[in-house]
Amino acid sequence: MTEEKQFNYDVIIIGAGPAGMTTALYASRANLSVLMLDRGIYGGNLNNTATIENYTGFPSVQGPDLAKQMYDGATQFGAKYAYGTVEKVELDGNLKKITTDMGETYTAKALVIASGSEQKKLGVAGEQEYGGKGVSYCAVCDGAFFKGKHLVVVGGGDSAVEEGMYLTQFADKVSVLVRKDHLRAAAVAQDKAKKNDKMEFIFNTSVTAIEGDDQKVTKVKTHNNATGEDGEMQADGVFIYVGNVPMTAPFADLGILDDQGWVITDDHMATKVPGIFAVGDVRETLLRQIATAVGDGALAGQEVFKYFDNLK
Ligand code: NDP
């Protein structure tokens with residue numbers, strides 16, 4: 001006999017990245033019924049991350065491997081996982097009603113927003129057209145298609161530098177185009193990258209267009225922000241790492257977002273709506289790391305438990 005699908009929970013967590021999974025672990029271990037809802041596989045941005053070297057206890061671990069270990073831990077006390085893209089959240093007294101693109105409505109007394117962020121688009125001509133034909137936002141997913149090729153990476157933060165390094169195991173050369181005259185990435189990553197013969201950093205340079213032969217990318221058009229000169233560079237692929245934007249569209253009407261769309265919380269991970277919490281990258285916060293996401297999750301799990309206690 002198949003198990004009947006459950007739609008009512010104590011706690012629903014939107015997003016099963018490190019923050020959401022940790023909340024699920026803590027809340028389910030406190031005997032609450034917990035559902036993680038995600039639009040894809042558990043792990044969130046861990047699935048787009050190659051090597052992680054700054055998560056305590058794991059000197060070096062691949063993002064998808066860490067995701068699996070976190071998932072096993074998060075579900076060991078009964079937390080469930082379901083697939084669905086959340087489209088709407090409505091309040092009905094204490095109850096939060098969550099509707100997904102599958103036409104399903106779930107309800108819970110506590111809602112934890114852990115929907116994270118997604119990569120920003122560069123917004124130049126050719127970016128959309130050559131998506132899947134050489135333009136990528138995920139080195140782990142697409143890097144292996146570029147053996148022996150020349151790749152352009154756009155951006156100067158941790159992602160651009162670290163994912164650029166990852167790409168050197170496939171590509172012959174990786175040119176990182178940085179719009180300013182310096183990188184924003186952590187010094188340790190910069191030092192490592194600058195010692196890699198396959199990595200090249202080109203500063204003061206913006207990409208203004210991505211061009212190809214209809215089938216695949218062949219070059220990028222560039223603009224030098226110091227000299228004002230326009231130019232171009234041959235490229236077999238373009239990996240874009242220019243920052244992140246929050247995934248908060250379904251929560252826009254709840255009055256809990258700042259002017260850039262990040263969720264505003266207090267020190268207890270609580271939003272101003274009773275019973276709605278937020279954790280991880282989706283929060284308006286100073287640092288977005290796996291370690292901080294996990295910390296947020298632990299705190300929220302505990303706070304959700306207290307919220308239920310106070311309802312009694
Ligand atoms: P960041 O926001 O840190 O960096 C974005 C980079 O892209 C900056 O160099 C920025 O330039 C550049 N940029 C933005 N817009 C454009 C544009 N239109 N054209 C060209 N360049 C542009 O994003 P990341 O994805 O690197 O990192 C996101 C967060 O995740 C950060 O907090 C980061 O520390 C964290 N992270 C941590 C890792 C780790 O600790 N191992 C690994 C990966 C990410 P400018 O400086 O001029 O604004």
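Note: hydrogens, waters and symmetry copies are ignored here, and every other heavy atom, side chains too, is used. Indexing begins at 1, ligand by ligand and atom by atom, following the structure's order.
- Nearest non-hydrogen protein atom to atom 42 (C) of ligand 1 is Glu162 OE1, 3.5 Å.
- In the vicinity of Gly156, heavy-atom distances shorter than 4.0 Å reach the ligand 1 atoms 6 (C), 7 (O), 8 (C), 9 (O).
- No close placement of the Phe308 and Phe305 rings is indicated, their centers lying 6.0 Å or farther apart.
- With no hydrogens or angles considered, no side-chain donor-acceptor pair links Thr51 and Glu162 at under 3.5 Å.
- Counting protein heavy atoms only, atom 22 (C) of ligand 1 is closest to Val242 CG1, 3.4 Å.
- Taking every heavy atom of Asn54 and a limit of under 4.0 angstrom, the matching atoms of ligand 1 come to 39 (C), 40 (O), 41 (N).
- Ion pairing between a basic and an acidic side chain is recognised when a charged N comes within 4.0 Å of a carboxylate O; Asp296 and Arg283 show such pairing.
- In terms of protein heavy-atom proximity, atom 44 (C) of ligand 1 is nearest to Ser159 OG, 3.4 Å.
- Less than 4.0 angstrom separates some heavy atom of Gly155 from each of these atoms of ligand 1: 7 (O).
- The closest protein non-hydrogen atom to atom 29 (C) of ligand 1 is Asn244 ND2, 4.3 Å.
- For Lys120, no heavy-atom contact with ligand 1 is shorter than 4.0 Å.
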Next item on the list: Apply side chain to side chain donor-acceptor pair (under 3.5 Å) to the pair Lys194 and Gln190, showing each step before the final yes or no.
Entry: CA-CA 6 Å; Lys194 283 174 183 165; Gln190 291 193 34; 3.3 Å; yes
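- Neither the backbone nor the side chain of Leu183 comes within 4.0 Å of ligand 1, counting heavy atoms alone.
- Between Phe7 and Tyr106, the ring-plane angle classifies as tilted under the 30° and 60° cut-offs.
- Aromatic ring pairs are classed by plane angle as parallel below 30°, tilted from 30° to 60° and perpendicular above 60°; the pair Phe277 and Tyr307 is perpendicular.
- Using cut-offs of 30° and 60° on the angle between ring planes, the pair Tyr166 and Phe170 is perpendicular.
- Using a 4.0 Å cut-off between heavy atoms, Glu53 makes no contact with ligand 1 at all.
- Of all atoms in ligand 1, numbered sequentially from 1 with element shown, those under 4.0 Å from a heavy atom of Arg288 are 30 (O), 35 (C).
- Within the 4.0 Å heavy-atom criterion, both parts of Asp158, backbone and side chain, lie near ligand 1.
- Nearest protein neighbour of atom 23 (O) of ligand 1, counting heavy atoms only, is Gly243 CA, 3.4 Å.
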Next item on the list: Determine, stepwise, if the pair Val207 / Lys221 fulfils side-chain contact (heavy atoms from CB on, under 4.5 Å).
Entry: CA-CA 6 Å; Val207 168; Lys221 296 273 193 187; over 6 Å; no
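- Look at Lys68 and Asp72 and you find a salt bridge, because one of the NZ, NE, NH1 or NH2 atoms lies within 4.0 Å of a carboxylate O, short of that distance.
- Lys97 and Glu90 are not joined by a salt bridge, as no carboxylate oxygen comes within less than 4.0 angstrom of a charged side-chain nitrogen.
- In this structure, atom 14 (C) of ligand 1 is in close contact with the protein, since a protein heavy atom lies within 4.0 Å of it.
- If you check which protein heavy atom lies closest to atom 17 (C) of ligand 1, you get Arg179 NH1, 3.6 Å.
- Listed by number with element, the atoms of ligand 1 under 4.0 Å from a non-hydrogen atom of Lys180 are 45 (P), 46 (O), 47 (O), 48 (O).
- Looking only at protein heavy atoms, the nearest one to atom 19 (N) of ligand 1 is Leu122 CD1, 3.5 Å.
- A cation-pi arrangement is present between Lys121 and Tyr137 under the rule of less than 6.0 angstrom and at most 45 degrees off the ring axis.
- Closest to atom 45 (P) of ligand 1 among all protein heavy atoms lies Arg184 NH2, 3.4 Å.
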